[in-house]
Amino acid sequence: MKILITGFDAFGGEKINPASLILNKLGDEIDGHRLEKLFLPTKFVGSADILEKKIIKTRPDIIISLGQAGGRTDITAERVAINIADASIADNDGKMPIDEKIRWDGENAYFSTLPIKAIVENLRKEEIPASVSNSAGTYVCNFIMYNDLYFADKYKNISAGFIHVPYLPAQVLDKRGMGSMSLENMVKAVEIIIKTSIAYKGKEDLAKAEGRIC
């Protein structure tokens with residue numbers, strides 16, 4: 001199989017983004033399966049075009065996009081992307097869309113086709129904090145997750161989804177009480193996510209409660 005992994009550059013005043021650093025640490029193969037890496041700009045305009053060109057060129061079986069979610073304390077497998085861009089901070093182009101549709105010809109929402117519950121289960125087995133998230137926000141992370149799934153539907157036979165990672169320890173030195181995770185554990189987590197996604201390709205996800213009351 002061929003797996004496309006994407007990650008963003010730094011945004012929101014941060015000097016680094018763990019998503020792109022994880023990509024730098026991954027090899028070119030995992031268990032004999034080819035990894036294709038794509039570094040994306042944290043921008044609404046143009047990032048989806050870059051993504052689609054890479055999909056057309058590489059024809060991946062699986063797309064896993066990574067993004068930073070400052071404030072979260074664990075690895076979060078996103079369940080759903082919604083068809084809205086509503087930015088509370090500017091992207092790296094200075095753009096702040098408000099209540100804009102991402103795709104006029106797209107669904108109101110797309111659900112991840114990665115095995116999100118198996119991913120969480122396997123991460124916890126390795127003592128890596130993980131959970132299912134029911135909101136990827138409305139910033140560029142949700143924008144790319146939505147486009148991942150839009151293109152997966154367009155080009156067929158592609159599993160796709162989005163994983164949020166916390167801050168790195170170096171990013172929280174001046175953010176008192178904010179959660180973080182080491183780069184080593186994040187890389188280990190992503191390797192587990194890739195292997196789980198490969199193992200569950202074409203299979204049903206685990207039927208296990210990971211919902212939230214509120």
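Hydrogens, waters and symmetry mates are skipped; everything else that's a heavy atom, side chains included, is used. For reference, positions follow the sequence shown, starting with 1.
In this structure, I64 and S197 approach most closely via the heavy-atom pair CD1-OG, 3.8 Å. Between K37 and D28, the closest heavy-atom pair is NZ-OD1, 3.9 Å. In terms of heavy atoms, G71 sits closest to M178 at CA-SD, 3.2 Å. The nearest pair of heavy atoms linking S47 to F143 is OG-CE2, 3.4 Å. Between P166 and R72, the shortest heavy-atom distance links the atoms CB-O, 3.2 Å. Nearest heavy atom pair, residue G67 against residue C141, reads CA-SG, 4.0 Å.
Rounding to the nearest 0.5 Å gives a distance of 10.5 Å between CD of Q68 and CZ of F8. In this structure, the separation between CD on E100 and CG on D86 is 9.0 Å, given to the nearest 0.5 Å. A distance of 9.0 Å separates CZ of F111 from CD1 of I116, quoted to the nearest 0.5 Å. Taking CG of L168 as the start and CD1 of I16 as the end, the distance is 5.0 Å to the nearest 0.5 Å. Atom NZ of K25 and atom OG of S20 lie 12.0 Å apart (nearest 0.5 Å). Summarising the geometry, atom NE2 belonging to H33 is positioned 4.5 Å from atom CD1 belonging to I198; distances are rounded to the nearest 0.5 Å.
Side-chain contact, R212 with S131: a donor N or O sits under 3.5 Å from an acceptor N or O. For the residue pair E78 and S133, a side-chain donor N or O sits within less than 3.5 Å of a side-chain acceptor on the partner. There is a side-chain donor-acceptor pair under 3.5 Å between D9 and N92.
Judged by distance alone, the side chain of R34 and the main-chain N or O of P60 form no donor-acceptor pair under 3.5 Å. Between the T73 side chain and the G179 main chain, no donor and acceptor come within less than 3.5 Å of each other. With hydrogens and angles disregarded, a donor-acceptor distance shorter than 3.5 Å links the side chain of D205 to the backbone of K117. A donor-acceptor pair under 3.5 Å links the side-chain atoms of N142 to the main chain of I82, judged by distance alone. In this structure a side-chain-to-backbone donor-acceptor pair under 3.5 Å is present from K175 to Q171.
Counted within 6.0 Å of CD on E184, heavy atoms from surrounding residues, nucleotides or ligands total 12 or fewer; the atom is thus considered open. Sparse packing is recorded around NZ of K95, with 12 or fewer heavy atoms of other residues, nucleotides or ligands lying under 6.0 Å away. Residue-environment remark: NZ (K2) exceeds the threshold of 12 foreign heavy atoms within 6.0 Å.
Salt bridge present: K154 and E52 bring a charged side-chain N and a carboxylate O closer than 4.0 Å.
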Open item on the list: K188 vs E127, test: salt bridge (Lys or Arg N to Asp or Glu O under 4.0 Å). Steps then yes/no.
Closed with: CA-CA 11 Å; K188 181 180 177 181; E127 300 184 346; over 6 Å; no
TODO: Take T76 and V132, measure what side-chain contact (heavy atoms from CB on, under 4.5 Å) needs, and give me the verdict at the end.
DONE: CA-CA 5 Å; T76 48; V132 171; over 6 Å; no
Task: Verdict with reasoning, D91 to T42, per side-chain hydrogen bond (donor to acceptor under 3.5 Å, both in side chains) - done: CA-CA 6 Å; D91 70 5; T42 309; over 6 Å; no
- [ ] Carefully, step by step, assess I192 and E126 under the rule side-chain contact (heavy atoms from CB on, under 4.5 Å).
- [x] CA-CA 9 Å; I192 292 167; E126 295 298 321; 3.5 Å; yes
Task: Verdict with supporting geometry, N108 and K101, side-chain contact (heavy atoms from CB on, under 4.5 Å) - done: CA-CA 9 Å; N108 287 332; K101 270 188 173 288; 3.8 Å; yes
Open item on the list: For a side-chain contact (heavy atoms from CB on, under 4.5 Å) check, start with the C-alpha distance between I62 and K201, then their side-chain angles and the critical distance, and finish with the verdict.
Closed with: CA-CA 8 Å; I62 299 170; K201 178 71 174 174; 4.3 Å; yes
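Between L66 and T6 the shortest side-chain heavy-atom distance does not fall below 4.5 Å. Residues I3 and E36 have side chains not in contact (no heavy-atom distance under 4.5 Å, counting atoms from C-beta outward). Counting heavy atoms from C-beta on, the side chains of K208 and E210 come closer than 4.5 Å. A heavy-atom distance below 4.5 Å is not found between the side chains of I163 and S65. Side-chain atoms of L4 and D61, non-hydrogen and from C-beta on, never get closer than 4.5 Å to each other. Contact annotation: the side chain of Y146 approaches that of N83 to within less than 4.5 Å [non-hydrogen atoms, C-beta and beyond]. At a threshold of 4.5 Å between non-hydrogen side-chain atoms, the residues Y200 and S159 do not count as touching. Side-chain contact between F151 and I158 is absent, with no heavy-atom pair separated by less than 4.5 Å.
For Y139 and F11, the distance between ring centers is under 6.0 angstrom.
Note: Y110 and Y150 have perpendicular aromatic rings, judged against thresholds of 30 and 60 degrees for the angle between ring planes.
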